[in-house]
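Just so it is clear, the model here is predicted, and its values are computed rather than measured.
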Amino acid sequence: MPDNSLSSRNARMSKYLPLLLLPVWFLLYHNLQWLTDKLVKDVLGLTAGTHLTETLRFFIFEVPKVLMLLALIIFFVGIIRTYFSPERTRKALEGKSLFTGNVMAASLGIVTPFCSCSAIPLFLGFIESGIPLGVTFSFLIAAPMINEVAIVLLFGLFGWKTALIYVSTGLVIAIASGWVIGRLHLEKWVEPWVYELKAGAHPEDEKISFSARIKMGFEAVKEIVGKVWVYVMIGIAVGAGVHGYVPEDFMASFMGKSAWYSVPLSVLIGIPLYSNAAGIIPVVSALIEKGAALGTALAFMMSVIGLSLPEMIILRKVLKLPLIFTFIGVVGTGIIIVGFLFNYIF
Amino acid sequence: MEIKILGTGCSNCKNLEKATREAVAELKLDATVVKEEDIVKIMSYGIMRTPALVLDEKVLFYGRVPSVSEIKEMLSKK
């Protein structure tokens, strides 16, 4: 039908609209420093070098930078994630030996779409299909701790090296903790009904076209950025305040290397403290600038992001309390070791 | 027809129930919409991600909240 062709072509074009925004993104991102300087100097007319100017400059530059990086990465991760699903991950993990299973579960935990509200069906689905408890835990540790929001913020505010350190140590912790929990044979501390559960046959996967995947990537950007932008703003505002007003080396005495107890203390404080990566990483970045040791800061971040109280409460439905405490203990010990290690190396 | 929304009460599950009710009303379907919150029953459908929509005991989709118009399209196909 000829009269329909134009509108259908428009519909097709609009499907790829997110891709057309990419050049705009690059142009804006590369001129951000220039735009910030222009705004601070010419529009706001502030004198360079004062506390207020530097605090404002930091905020005006970092907020759009981090939000733009987030949007870009979440878009691509969102597309990649459409190729993964908990169902496929489960299939990949079935029948794997303990150590191999832990490595695969932790790695797949990074890319498999995961939301803590689905932690229970996911846990049940894994256990029901015979995946060992320890392997399941490797997944449950890696999935929330190593996420794209944390990686983008670490990359944007610390550089790629710190981002890489975070991801690799996070993986090691998830693999090792899951392995330890597996060796301890704690099945007796799983609620008994879990092992009696009979799950139905898995329904067929929906077929997804490539344009639908692009749309899902774009939806992920809207959903995640829409949720975390407030935390990014607050986190960077606090960070900017610290950056501009707190004296150099202020943090050194209580979060520096010489204070050995600061690592376990940071982990303990981090467990009940519930914040997402978007809120905590900008603050930690400013603390490091003022003399906090990298290992201590890393341990604090991992504890805040990886060990969260709400998730423990959700998991209480399927796990008895001793297992939850063992879980916190094993992962917490892993984080403390990483913290000491990095304070020792750097 | 009988529509079930599977979900343990997270915000997305409520969003899906709302969207589905809207779709059913707009299509003027003769359908009942019930919410299934019992995790054991939810697992019997073989899914690992909530929320999910079940039409006459068959899972239509899971792990996402489609728009009202997409739900309408899927329901009217059946």
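- The part of A/Leu197 that comes within reach of chain B is its side chain, from C-beta onward, which places non-hydrogen atoms under 4.5 angstrom from that chain.
- Screening A/Ile120, A/Val194, A/Leu124 against B/Met43 for a side chain to side chain contact (heavy atoms under 4.5 Å, CB included) leaves a single residue, A/Leu124.
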Pull every donor-acceptor pair under 3.5 angstrom between chain A and chain B and give the atom names with distances.
{"from": "A/Glu87", "atom 1": "OE1", "to": "B/Arg49", "atom 2": "NH2", "distance (Å)": "3.2"}
{"from": "A/Ser118", "atom 1": "OG", "to": "B/Thr50", "atom 2": "N", "distance (Å)": "3.4"}
{"from": "A/Gly200", "atom 1": "N", "to": "B/Met43", "atom 2": "O", "distance (Å)": "3.2"}
{"from": "A/Gly200", "atom 1": "N", "to": "B/Ser44", "atom 2": "O", "distance (Å)": "3.2"}
{"from": "A/His202", "atom 1": "ND1", "to": "B/Gly46", "atom 2": "O", "distance (Å)": "3.0"}
{"from": "A/His202", "atom 1": "NE2", "to": "B/Tyr62", "atom 2": "OH", "distance (Å)": "3.4"}
{"from": "A/Asp205", "atom 1": "OD1", "to": "B/Tyr62", "atom 2": "OH", "distance (Å)": "2.6"}
{"from": "A/Glu206", "atom 1": "OE1", "to": "B/Arg64", "atom 2": "NH2", "distance (Å)": "2.9"}
{"from": "A/Glu206", "atom 1": "OE2", "to": "B/Arg64", "atom 2": "NE", "distance (Å)": "3.2"}

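- Residue pairs meeting the ring pair (Phe, Tyr, Trp, His ring centres under 6.0 Å) criterion with at least one partner in residues 209-230 of chain A, sequence neighbours excluded, do not occur; the list is empty.
- Applying the ring pair (Phe, Tyr, Trp, His ring centres under 6.0 Å) test to pairs two or more places apart or on separate chains, those with a residue in residues 126-150 of chain A are A/Phe126-A/Phe139, A/Phe137-A/Phe327.
- By the ring-ring contact (aromatic ring centres under 6.0 Å, His included) test, A/Phe114 pairs with no residue at all, sequence neighbours left out.
- With chain B as partner, the option from A/Gly125, A/Pro121, A/Pro86 having the largest number of non-hydrogen pairs under 4.5 angstrom is A/Pro121.
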